[in-house]
Each structure stands twice: as C-alpha cells, then as structure tokens.
Amino acid sequence: MTKLIFITGGVVSSLGKGIASASIGALMESHGYRISMMKLDPYINVDPGTMSPFQHGEVYVTQDGAETDLDLGHYERFTNAKISRLNNVTSGQIYYSVIQKEREGKYLGKTIQVVPHITDEIKNRIMILTKKVDILICEIGGTVGDIESLPFLEAIRQLRFEYNSENTVFVHLTLVPFIRAAGELKTKPTQHSVANLREIGIQPQILLCRTEKPLSQDLKEKIALFCNVKKQAVIEAIDTPYIYEIPLIFHRQNLDKIILEHLKLPAHPHPSLERWNNIVNILHTATEKVRIAVVGKYIKLQDSYKSIYEAIVHGAISNRCRVELVKIDSEQIEKDGPEILLKEIDGVVLPGGFGVRGVDGMIKTIKYCRENQIPFLGICLGLQCSVIEFARNVIGLKEANSTEFCQHTPDPVICLLDEQKSITKLGGTMRLGSYPCIIEPRSLASKVYKKKKIYERHRHRWEFNIMYLESFKKHGMKFTGFSPDRKLVEIIEIENHPFFIATQFHPEFQSKPFACHPLFSSFVNASLQHKGKEKPC
Ligand code: GLN
C-alpha cells in the first residue's frame with residue numbers, strides 16, 4: 001500500500017515548504033523508495049500560467065506542457081519523481097471539474113457541497129498519484145488558517161482517518177522567530193499554528209521549525225509539550241546559504257528514520273546520500289569565483305527566475321567554482337547603459353519574459369555582449385531579442401521588431417505562426433512542454449549537447465520568422481537547432497564569438513544539481529575562461 005506524507009505550513013508563507021518537501025522526497029529516495037510528489041494550491045486560478053511573474057514568481061513547465069507552481073521545479077531538481085500536469089492541483093481545477101460534473105448531471109438530485117463533493121474530488125486527485133510508487137509526498141500550499149486551504153486540509157484529515165494512521169504522516173513547517181529586543185527564540189507562533197491544525201482535526205506528528213538560531217533542548221521540549229509531538233520529532237530547520245544542504249541537515253536529525261517509523265517502513269542502514277555530500281562539499285570548498293549577470297524584467301521578485309538561478313548554480317557546481325549572481329533590471333540598463341552595469345561581469349544570461357517593457361535594455365545588453373565577446377546565453381525572449389538586435393545592428397533593418405512589441409513593424413523578424421493568430425483565450429494556449437530539436441553538426445550546440453536530437457521544454461507564442469533565414473545567415477548568424485520539419489528555429493549562434501548562443505526553449509527546467517544541463521555547464525565554463533582572459537598575465 002502506498003504511504004502518504006502530508007506537508008503543511010504555518011505562521012507565515014515563504015518558509016521554504018517546497019524545498020523542505022523536496023528534501024524529504026530526496027531522503028525517501030535515498031532509502032530506496034519510489035516516490036511521487038504533488039502540490040495542492042488553494043488559489044482559484046486553474047493554473048499559474050496567466051498570473052504575472054510579479055504575483056506568483058516563476059511558472060514551472062512540466063515535460064507534458066503543464067504550467068505549474070515553481071515548487072514542482074524543486075521536486076524535479078531534488079528527486080527522480082515523474083512530474084506531470086497531475087502533480088499540481090489547484091482549487092480552480094477542483095471546482096472546475098466538480099461544476100462540469102454537475103452540469104453533466106453526474107450528481108443528479110444531490111446538493112453539491114464542499115464536504116463531500118469538493119473534498120472527494122481532492123482525495124481522488126491525490127489517490128491517482130499513488131499508483132506505482134511506494135510513497136507519495138503531498139504539499140499543501142498556503143498557510144494554515146487561510147480560508148482557501150480549508151477544503152484541502154479537510155480532505156487530508158479524512159484520508160488519514162480512512163487510510164489508517166500507519167499509512168500516513170503529517171509534517172508541519174513552522175517558524176520559530178528570534179526576537180532581537182528580547183534576545184530570544186519564541187515558540188508561541190508555532191504553538192498557535194499547531195493549535196489551529198488540531199482545531200480542524202489534524203495532529204502533526206513531526207514539526208520542522210524554521211529558525212535563524214539553533215534550537216536548545218529546552219526549547220524543543222517546550223515545543224514538544226505544547227504541540228503534542230515527540231521531542232525527537234521537533235526538527236530544527238535552520239537557515240542555510242545552500243538549499244542543497246537541507247536533505248543532509250534533516251538527515252543528521254534523523255528526520256528520514258522518524259518518518260519511516262511512522263509509516264512502518266524499514267529504513268536502509270546506509271541511505272545513499274553520497275551525491276548530496278559531494279555537491280555540498282563543492283559548494284563549501286570551491287574558491288574560484290565567477291560573476292554571472294541575469295538581465296531580466298522581473299528581477300525585483302526573488303522567485304521570478306528560480307530555475308534559471310538554480311541552473312547557474314548547477315553550472316558552477318559542475319565547474320567546481322563559486323558563482324556570484326548579479327541580478328540586473330533591464331530597465332536599469334536602459335538608464336545607466338551596459339558599459340557601467342556589466343563592467344565586471346564574466347557572463348550574461350537573458351531570460352524569458354512577456355511584453356515590451358524592458359526590451360530596449362535587453363537589446364542594449366545583447367549588443368554589448370556580442371561586440372565585447374562576453375559569454376551570452378539567451379533564453380526564449382532572450383533569443384527573440386537577440387534576433388531583433390542582430391537585424392537592427394548587423395543587417396541594418398532599423399525598425400525590425402517582434403509583432404508582440406510592434407504589430408505593424410516593416411520587418412517582423414519574430415512573428416506568430418498562423419495557428420497562434422486565431423487563439424483568443426490566454427490560459428494554456430502557448431506552445432507548451434517538450435518538443436524535439438535537431439542539432440546541426442559542427443556547431444557550438446552540437447559541441448555542448450554531444451547529441452543530434454534533443455528534447456527541451458517550451459513556453460512561448462512567438463517564433464523566428466523563417467522568411468528572414470537567408471538574410472540572417474548571410475550576415476553571420478548561425479541557425480543550429482530546428483524542429484524536425486525545419487519550420488521552427490530552436491537555437492541560434494553568432495560567428496566569431498567565444499560563446500553566444502540563444503534558445504527558443506527553456507533549458508533551465510531540466511537542470512539538476514548533480515546533473516547540470518549541458519548549456520549551463522558550458523556557459524559557466526566559457527564565463528570562467530572569459531574571466532581568465534581579463535587577468536593581466
Ligand atoms: N513573449 C515571448 C513569446 O511569447 C517569449 C516568451 C518567453 O520568454 N517565455 O513568445
């Protein structure tokens with residue numbers, strides 16, 4: 001029987017529940033168990049695809065083309081769990097399908113209610129994912145006490161009751177704040193948050209206490225007593241500069257064994273944590289530093305480019321160096337110029353985005369990198385802006401543009417395919433998910449990938465306008481990745497540059513800490529070499 005681990009959060013949001021869940025997933029895998037992971041999101045949107053990155057942070061794209069919460073990115077980076085559109089369930093999806101069933105007459109005669117109809121639908125969505133795995137880890141978004149999360153909490157309460165206590169375990173992540181004026185860590189918010197859960201019938205068995213200072217034994221005892229959990233199940237989730245250390249921090253406190261005991265599953269005497277030890281060792285000991293700039297339009301929000309930042313860190317791990325991420329707002333480049341802001345930078349990543357704001361700064365950034373031989377990796381909008389920059393500054397098509405930014409440009413070098421022109425609804429209608437790409441031989445891309453055919457994830461509407469292909473080629477742009485029918489450009493490069501590559505797809509979604517995506521490892525490597533060149537000999 002598949003076992004269930006439920007993870008809730010209390011006190012405040014942003015405590016790192018997704019990373020804590022992913023770390024638990026990694027620990028369960030280290031004991032040899034097959035796992036799956038899911039996130040239940042209480043908001044009414046069907047998916048985060050139509051939300052502004054400023055509201056929601058990154059939209060993570062799964063292989064099957066679902067636009068999901070960024071925590072699913074942590075699940076894929078930390079574990080081998082197979083993640084698809086089934087692994088992110090929102091209130092919007094639940095209500096949508098219950099209302100559809102009602103319209104189809106499936107509940108004939110009944111009054112449709114939160115309990116049991118909404119909660120049954122939630123339970124069904126959870127149970128679908130229990131097939132073929134030993135353990136399902138289910139994270140509940142939001143914070144205990146929110147109105148929206150109540151149906152989800154009620155559904156998991158029912159599941160523990162129906163499924164027996166030895167098949168389920170509840171883990172609650174809370175905050176133990178340090179109050180500077182008193183010089184003390186305070187347990188009251190944790191007590192209240194657990195009391196809140198108990199009021200609705202959920203008694204957590206394990207507490208993960210996010211804290212900036214170590215928890216004393218006395219404090220753990222106090223939390224255990226007031227929250228009705230065992231003292232050894234009060235786990236310290238201390239702040240750490242490296243998220244990849246968290247599985248090890250939890251393991252040192254026996255969190256994996258405590259969970260497995262609750263689930264009546266045997267623990268492996270030597271869980272395989274070698275690869276985690278290795279990367280943490282590199283993170284702590286690497287000395288050489290590389291400075292990578294990410295020039296984007298959603299820089300202000302920490303989470304907007306989560307997978308890109310992580311993939312750059314993976315690139316540093318694979319090159320055994322440290323990375324300093326320099327996050328630059330492309331609108332700032334418009335004001336101050338790239339010469340000032342990119343002065344001490346070893347490599348530049350230009351990530352995806354939507355709408356014209358900040359595009360001028362991106363184009364200036366690209367020109368600067370192209371002319372000054374600075375390693376450059378453009379992603380999605382990054383490719384589209386590279387094409388516009390090249391058309392304007394190399395080919396001389398001064399008004400070249402994307403029809404996304406100027407509908408009536410005389411030179412629409414980036415345009416919509418016919419099938420996109422007729423689309424009126426915004427939700428889930430982009431080119432989404434994994435598509436094949438054929439790589440041209442004797443290119444930087446083929447050197448990077450060492451493969452002829454690759455699969456990469458997409459999330460965009462606009463494409464390179466194939467009518468301009470020959471003219472770009474004549475002026476020195478190389479087209480080194482195409483869709484199998486050669487109608488869609490997937491990768492571009494520039495001649496006579498040490499590392500200038502841009503992709504229409506998002507490589508960052510397939511990078512892992514111990515298996516860095518080849519584009520990011522090669523890019524960081526090129527940036528290290530660029531840095532070497534700058535040094536006076
Ligand atoms: N706005 C562009 C498009 O839709 C780029 C999207 C992206 O960068 N993900 O094609």
Side-chain angles (χ1 to χ4, degrees), residues 47-63 65-68 70 73 294-299 301 303-309 311 329-330 348-363 365-366 376-389 391 400-407 409 412-435 437 456-466 468 481 483 487-492 501-511 517 519:
D47 62 41
T50 53
M51 283 189 226
S52 153
F54 284 128
Q55 283 264 316
H56 183 269
E58 172 183 281
V59 172
Y60 186 77
V61 182
T62 57
Q63 191 241 328
E67 298 175 275
T68 69
L70 59 82
V294 176
V295 180
K297 49 187 291 178
Y298 313 117
I299 290 290
L301 191 90
D303 279 347
S304 301
Y305 303 114
K306 196 92 212 165
S307 295
I308 298 225
Y309 296 153
D329 193 324
S330 57
V348 172
V349 176
L350 222 148
F354 298 83
V356 73
R357 184 184 58 80
V359 161
D360 279 347
M362 293 187 176
I363 291 174
T365 302
I366 295 163
F376 173 84
L377 174 59
I379 294 172
C380 208
L381 180 63
L383 176 142
Q384 299 176 355
C385 288
S386 303
V387 166
I388 298 170
E389 191 278 327
N401 217 329
S402 161
T403 55
E404 179 181 6
F405 314 134
C406 174
Q407 246 188 342
T409 165
V413 287
I414 302 291
C415 64
L416 282 180
L417 296 179
D418 285 343
E419 68 226 41
Q420 276 287 344
K421 285 185 187 153
S422 51
I423 285 173
T424 50
K425 286 188 182 162
L426 287 187
T429 54
M430 282 185 252
R431 183 174 182 227
L432 287 167
S434 183
Y435 285 89
C437 162
E456 292 280 9
R457 298 183 196 175
H458 291 250
R459 181 172 185 252
H460 59 102
R461 281 184 212 286
W462 276 266
E463 303 277 354
F464 177 79
N465 186 343
I466 208 85
Y468 286 87
S483 58
K487 285 191 181 148
L488 304 175
V489 166
E490 297 278 15
I491 309 177
I492 61 164
I501 191 162
T503 64
Q504 189 54 78
F505 48 77
H506 290 267
E508 70 273 22
F509 294 142
Q510 294 201 81
S511 190
H517 188 288
L519 264 175

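First listed ligand is number 1; within each ligand, the first listed atom is number 1. As a basis for the values below, the full set of heavy atoms in this structure was taken, side chains included, without hydrogen atoms, waters or symmetry mates. All residue numbers refer to positions in the sequence shown, counting from 1. Since we're looking at a predicted model, the values are computed, not measured.
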Protein contact to atom 9 (N) of ligand 1 [nearest heavy atom, distance to 0.1 Å]: Arg459 O, 2.8 Å

Sub-4.0 Å heavy-atom approach of Met430 to ligand 1: no

Derivation and outcome, side chain to side chain donor-acceptor pair (under 3.5 Å), residues Thr429 and Arg461: CA-CA 8 Å; Thr429 54; Arg461 281 184 212 286; 3.0 Å; yes

Residue and atom name of the nearest protein heavy atom (relative to atom 1 (N) of ligand 1), distance in Å to one decimal: Glu404 OE1, 2.8 Å

Geometric N/O contact Gly352 with ligand 1, under 3.5 angstrom: no

Polar side chain donor-acceptor pair, Gln420 to His460, under 3.5 angstrom: no

Test applied, side chain to side chain donor-acceptor pair (under 3.5 Å); reference residue, Arg431; option that passes from Gln504, His458, Glu419: His458

Contact (N/O only, under 3.5 Å) between Gln504 and ligand 1: no

Numbered atoms of ligand 1 (with element) below 4.0 Å of His506, judged on heavy atoms: 9 (N)

Nearest non-hydrogen protein atom, atom 4 (O) of ligand 1: Arg461 N, 3.0 Å

Shortest protein heavy-atom distance from atom 10 (O) of ligand 1, along with the residue and atom involved: Trp462 N, 2.8 Å

Aromatic plane relationship, Tyr298 with Tyr305 - under 30° parallel, 30 to 60° tilted, over 60° perpendicular: tilted

Closest protein heavy atom to atom 7 (C) of ligand 1, given as residue, atom name and distance to 0.1 Å: Cys380 SG, 3.0 Å

Atom indices of ligand 1, in the order listed, that fall short of 4.0 Å to a heavy atom of His460: 3 (C), 4 (O), 6 (C), 10 (O)

Approximate separation, where rounding is to 0.5 Å, of Lys487 NZ and Leu417 CG: 10.0 Å

Polar proximity ligand 1 side, Leu381 side, N/O cut 3.5 Å exclusive: yes

Backbone N/O of Lys297 and side chain of Arg357: donor-acceptor pair under 3.5 Å: yes

Met362 and Leu381, any side-chain heavy atoms less than 4.5 Å apart: yes

Protein contact to atom 5 (C) of ligand 1 [nearest heavy atom, distance to 0.1 Å]: Gly353 O, 3.3 Å

Sub-4.5 Å side-chain heavy-atom contact between Ser307 and Leu70: no

